[in-house]
Amino acid sequence: MSESQAWDDVDDYFSTHLSPDDEPLAAALRDSVAAGLPQVNVTAGQGKFLQLLAQIQGARRILEIGTLGGYSTIWLARALPADGRLISLEYSARHAEVACRNIARAGLDALVEVRVGPALESLPKLADENPGPFDLVFIDADKANNPHYVEWALKLTRAGSVIVVDNVVRGGRVADAHSTEPDIRGTRAAIELIATHPKLTGTAIQTVGGKGYDGFALARVLD
């Protein structure tokens, strides 16, 4: 058995027992595929991790940067109380349309608002609304802008809030200090911002499995 096959088998075993897809989640994946969306959504295990993290955090307000087909949105929104709120920012109107259908089918449209447009344009508008601090921010959008998204997350959170940045390992390429690729430069800048910012403490975890070799960064906002 190859190493990658072992990763997939273990991922399947864990997902089957700990984070099985129900019909709304499975349908969200099917419809995303049918609509031709990129197959870069979080895995079931990662979705359950996000849900548990939001529940442990006691999150009432969640901000997601990068909706895609709404699969991770559904996992996160299920952690919210009945009066909670999740705002998800999506660049593509086509992706947002698919996501909104998936979210509505999951019965979560009363909790979730998907806003369409470049996140770096949506975020200042959101800040102008004074929405109250978000308890958790999940960043899973274009990687070149990761440091900007972390900076905005800081502006829109409070002491004790949690920030998660997805896909930070980039198949190991994040370790290449000489890379000129925008996704690597942006990811490295986000990691170094978390490392040096006086209001953040964080770590990064490497993962293997259904999405190959990758990982996420986890940061907490300090007082």
Side-chain angles (χ1 to χ4, degrees), residues 1-19 21 29 32-33 36-54 63-69 71-73 75-76 88-92 95 118-120 136-154 162-197 200-221:
M1 180 187 296
S2 69
E3 189 174 61
S4 62
Q5 183 60 55
W7 295 347
D8 290 345
D9 289 349
V10 171
D11 229 18
D12 289 344
Y13 170 73
F14 286 155
S15 295
T16 297
H17 290 279
L18 300 174
S19 51
D21 279 340
L29 293 178
S32 295
V33 171
L37 271 59
Q39 298 306 292
V40 293
N41 50 272
V42 301
T43 65
Q46 292 162 350
K48 183 65 173 291
F49 171 82
L50 291 170
Q51 184 186 88
L52 287 171
L53 190 62
L63 173 62
E64 179 181 50
I65 303 176
T67 318
L68 194 59
Y71 184 74
S72 58
T73 318
W75 279 109
L76 284 165
S88 189
L89 309 181
E90 172 53 47
Y91 177 83
S92 167
H95 295 180
L120 292 180
L136 186 146
V137 179
F138 178 48
I139 299 171
D140 190 11
D142 56 306
K143 311 310 174 186
N145 281 315
N146 272 343
H148 304 302
Y149 297 145
V150 173
E151 289 169 348
W152 272 107
L154 268 170
V162 169
I163 302 168
V164 182
V165 186
D166 201 12
N167 306 128
V168 299
V169 173
R170 317 301 299 159
R173 292 178 296 131
V174 72
D176 183 2
H178 304 291
S179 176
T180 59
E181 297 176 58
D183 64 323
I184 302 302
R185 293 173 64 88
T187 300
R188 286 177 63 90
I191 294 295
E192 290 158 22
L193 176 61
I194 292 170
T196 59
H197 199 288
L200 287 173
T201 183
T203 190
I205 301 294
Q206 301 180 75
T207 62
V208 296
K211 294 185 71 176
Y213 174 37
D214 211 330
F216 61 90
L218 179 68
R220 185 173 187 268
V221 181

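The first residue of the sequence shown is numbered 1, and numbering continues consecutively from there. Please read these numbers as outputs of a predicted model, since none were measured by experiment.
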Flag the pair Val150 / Ile139 as yes when at least one side-chain heavy-atom distance between them is below 4.5 Å, and no otherwise.
yes

Reported CG-to-CG distance for the pair Leu200 and Leu193, which is rounded to 0.5 angstrom
6.5 Å

First locate atom NZ of Lys48, then atom CH2 of Trp75, and finally report the distance between them rounded to the nearest 0.5 Å.
5.5 Å

Would Leu63 and Leu136 count as a side chain to side chain contact (heavy atoms under 4.5 Å, CB included) here? Give the steps.
CA-CA 6 Å; Leu63 173 62; Leu136 186 146; over 6 Å; no

What are the two closest non-hydrogen atoms of Leu76 and Ala54, and how far apart are they?
CD2-CB, 4.4 Å

Side-chain contact test, heavy atoms from C-beta onward, threshold under 4.5 Å: evaluate it for Thr207 versus Phe216 and give yes or no.
yes

Are Val164 and Leu53 close enough that some pair of their side-chain heavy atoms sits under 4.5 Å apart?
yes

Minimum-distance pair of heavy atoms, taken over all atoms of Val42 and Ser72:
CG2-CB, 3.9 Å

Separation between CD1 (Ile65) and NE2 (His148), nearest 0.5 Å, reads 12.0 Å

Measure the shortest side-chain to side-chain distance between Arg170 and Thr187 over non-hydrogen atoms and say whether it is less than 4.5 angstrom.
yes

CG of Asp140 to CG of Leu89, rounded to nearest 0.5 Å, is 12.5 Å

Is it the case that more than 12 heavy atoms not belonging to Tyr91 sit under 6.0 Å from its OH atom?
no

Step-by-step side chain to side chain contact (heavy atoms under 4.5 Å, CB included) determination, Trp152 to Leu120
CA-CA 9 Å; Trp152 272 107; Leu120 292 180; 4.0 Å; yes

Quick one, Leu154 and His197 - any side-chain contact, counting heavy atoms below 4.5 Å?
yes

Measuring only between side-chain heavy atoms, which start at C-beta, is Lys211 closer than 4.5 Å to Asp166?
yes

Would you say Val40 and Leu68 make side-chain contact, with heavy atoms under 4.5 Å?
yes

To the nearest 0.5 Å, how far apart are OH in Tyr149 and NZ in Lys143?
9.0 Å

Derivation of the side chain to side chain contact (heavy atoms under 4.5 Å, CB included) call for Phe49 and Ser19:
CA-CA 9 Å; Phe49 171 82; Ser19 51; over 6 Å; no

Less than 4.5 Å apart, any side-chain heavy atom of Ile194 and any of Thr201?
no

Any side-chain donor near an acceptor of the partner, Tyr71 and Asp21, under 3.5 Å
yes

Under-4.0 Å salt bridge between Glu192 and Arg188
yes

Distance in Å, His95 NE2 paired with Ser88 OG, rounded so as to fall on 0.5 Å steps:
12.5 Å

Side chain to side chain contact (heavy atoms under 4.5 Å, CB included) assessment of Val165 paired with Asn146
CA-CA 8 Å; Val165 186; Asn146 272 343; 3.9 Å; yes

